[in-house]
There are 2 protein chains.
Amino acid sequence: METHTALFHALADPARLRIVAAMKSGECAVGDLVERMDIHQSGVSRHLRILAEAGIVRMRPEGQKRLYSLRKEAFDQLETWVAGYRRHWEARLDRFGAALEHRQATSDNSTKESS
Amino acid sequence: METHTALFHALADPARLRIVAAMKSGECAVGDLVERMDIHQSGVSRHLRILAEAGIVRMRPEGQKRLYSLRKEAFDQLETWVAGYRRHWEARLDRFGAALEHRQATSDNSTKESS
DNA sequence: CATGTATATACACATATGTGTATATACATG
DNA sequence: CATGTATATACACATATGTGTATATACATG
């Protein structure tokens, strides 16, 4: 029912996020992914199933291999969702003040980087 | 360590996604949110804590109430993450063919709507 | 300070979830 | 068809997580 929830849920796992990042460069066979990850092949296959069910990846069989790749639709959907919140701040100066931001500073990892 | 994972994880729950949607219109006291949700106040408070720790919401005490609101930084971060995948498709025609899309059609909820 | 309101948190519990092991399935090759 | 490779899935298990109940904390009011 909750399409976005399914999307976010699929991306909420570190292993799956790494898998998605790995596919950024293109199609990947399951074995390719297993090599880059530190979990067993069965785990990768299961993560791929979850990603597929969320509509984030597609699968294409080639011989004995199965090549997975990212689906644009999923990312479009995410972008649309985020865009819906963009209006929230458009031409609306933050009225809560910087002082409050300080209080958040401790748990604010906004500038950190990861993939 | 995985900033995005934390973000996605926080948004991966239907209740939290509803809370976020509710705050789209502006600040909300915990009690306001409880009224719109079908879970107990303690549950809402816990969800708010998770959202706060993920950097998605801020809190501002006002009298006995605590007003929660969305943090732009979190949405910027999401947008940046998605944007990183946009290049993946730019000027790169889908080389996998429409036939594969058909196979995905069953589990493809891309056109559905939710909030 | 006694009482009420608003919110957070500790606790217990049922369920969901990620993982490895073992096994099944599918394809390829000789 | 026997064997090997590639992947998916059933199973068991430990851990994470969402929930309600009860309670603590903080503020407001008289």
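A note on names: the letters A, B, ... follow the listed sequences, proteins ahead of strands, and every chain is numbered from 1.
- Summarising the geometry, the separation between CG on A/D38 and P on C/dG18 is reported as 15 Å, rounded to the nearest angstrom.
- Between C/dA8 and B/R49, no contact under 4.0 Å exists linking OP1 or OP2 to a side-chain N or O.
- B/I50 has its CD1 atom 13 Å from the C1' atom of C/dT9, to the nearest Å.
- In summary, A/D76 and B/R86 engage in a salt bridge, as defined by a charged side-chain N under 4.0 Å from a carboxylate O.
- For the pair A/M37 CE and D/dT7 C1', the computed distance is 16 Å after rounding to whole Å.
- Judged purely by atom type and a 3.5 angstrom limit, A/R60 has no side-chain atom pairing as donor or acceptor with the backbone of A/Y68.
- B/R16 places a side-chain N or O within 3.5 Å of a backbone atom of B/A10 that can act as its donor or acceptor partner.
- Toward the 5′ end of DNA chain D lies the nearest nucleotide of A/S45, the other residue of the pair A/S45 and B/E62 mapping further downstream.
- For D/dA8, one of the phosphate oxygens OP1 or OP2 lies less than 4.0 angstrom from a side-chain nitrogen or oxygen of A/Y68.
- Taking the six-membered ring for Trp and thresholds of 30 and 60 degrees, A/W89 and B/F75 have ring planes inclined between 30 and 60 degrees apart.
- In this structure, the nucleotide among C/dA8, D/dC27, D/dT5 sitting nearest to the side chain of B/V30 is C/dA8.
- As a whole-Å value, the separation of B/K65 NZ from D/dT29 P is 12 Å.
- A straight line from CG of A/L51 to C1' of D/dA8 spans 15 Å, rounded to a whole angstrom.
- Taking a pair to require two hydrogen-bonding distances under 3.5 Å in either a Watson-Crick or a G-U wobble arrangement, D/dT7 pairs with C/dA24.
- Judged by closest nucleotide on DNA chain C, B/V44 is the one of A/D13 and B/V44 placed further toward the 5' end.
- Counting non-hydrogen atoms under 4.0 angstrom, B/G43 reaches nothing in the nucleic acid.
- Between the CD1 atom of A/I39 and the P atom of D/dA8 there is a distance of 13 Å, given to the nearest Å.
- Toward the 5' end of DNA chain C, the nearer of the two residues A/R16 and A/R66, judged by each one's closest nucleotide, is A/R16.
- Remark: D/dG18 base-pairs with C/dC13. Criterion, Watson-Crick or G-U wobble with two distances under 3.5 Å.
- Rounded to whole Å, the distance from CG on B/L48 to P on D/dG18 is 13 Å.
- Picking from D/dA22, D/dT5, C/dA22 the nucleotide with the shortest atom distance to the side chain of B/S42 gives D/dA22.
- Proximity note for A/H9 (side chain, C-beta onward) versus C/dT17, D/dT7, D/dG18: the nearest is C/dT17.
- The aromatic rings of A/H4 and A/W81 lie tilted to each other, with the angle between the two planes from 30° to 60°.
- No N or O donor and acceptor, one from the side chain of B/Q64 and one from the base of C/dT7, sit under 3.5 Å apart.
- Counting non-hydrogen atoms under 4.0 angstrom, B/L67 reaches nothing in the nucleic acid.
- Look at NE2 on B/H40: it is 15 Å from C1' on C/dA12, rounded to the nearest Å.
- If you find the closest nucleotide of DNA chain D to B/H47 and to B/Q41, the one lying nearer the 5' end belongs to B/H47.
- Across all strands shown, C/dT29 pairs with D/dA2; the Watson-Crick or G-U wobble distances both stay below 3.5 Å.
- In this structure, A/D13 does not pair ionically with A/R18, as no charged nitrogen and carboxylate oxygen lie closer than 4.0 Å.
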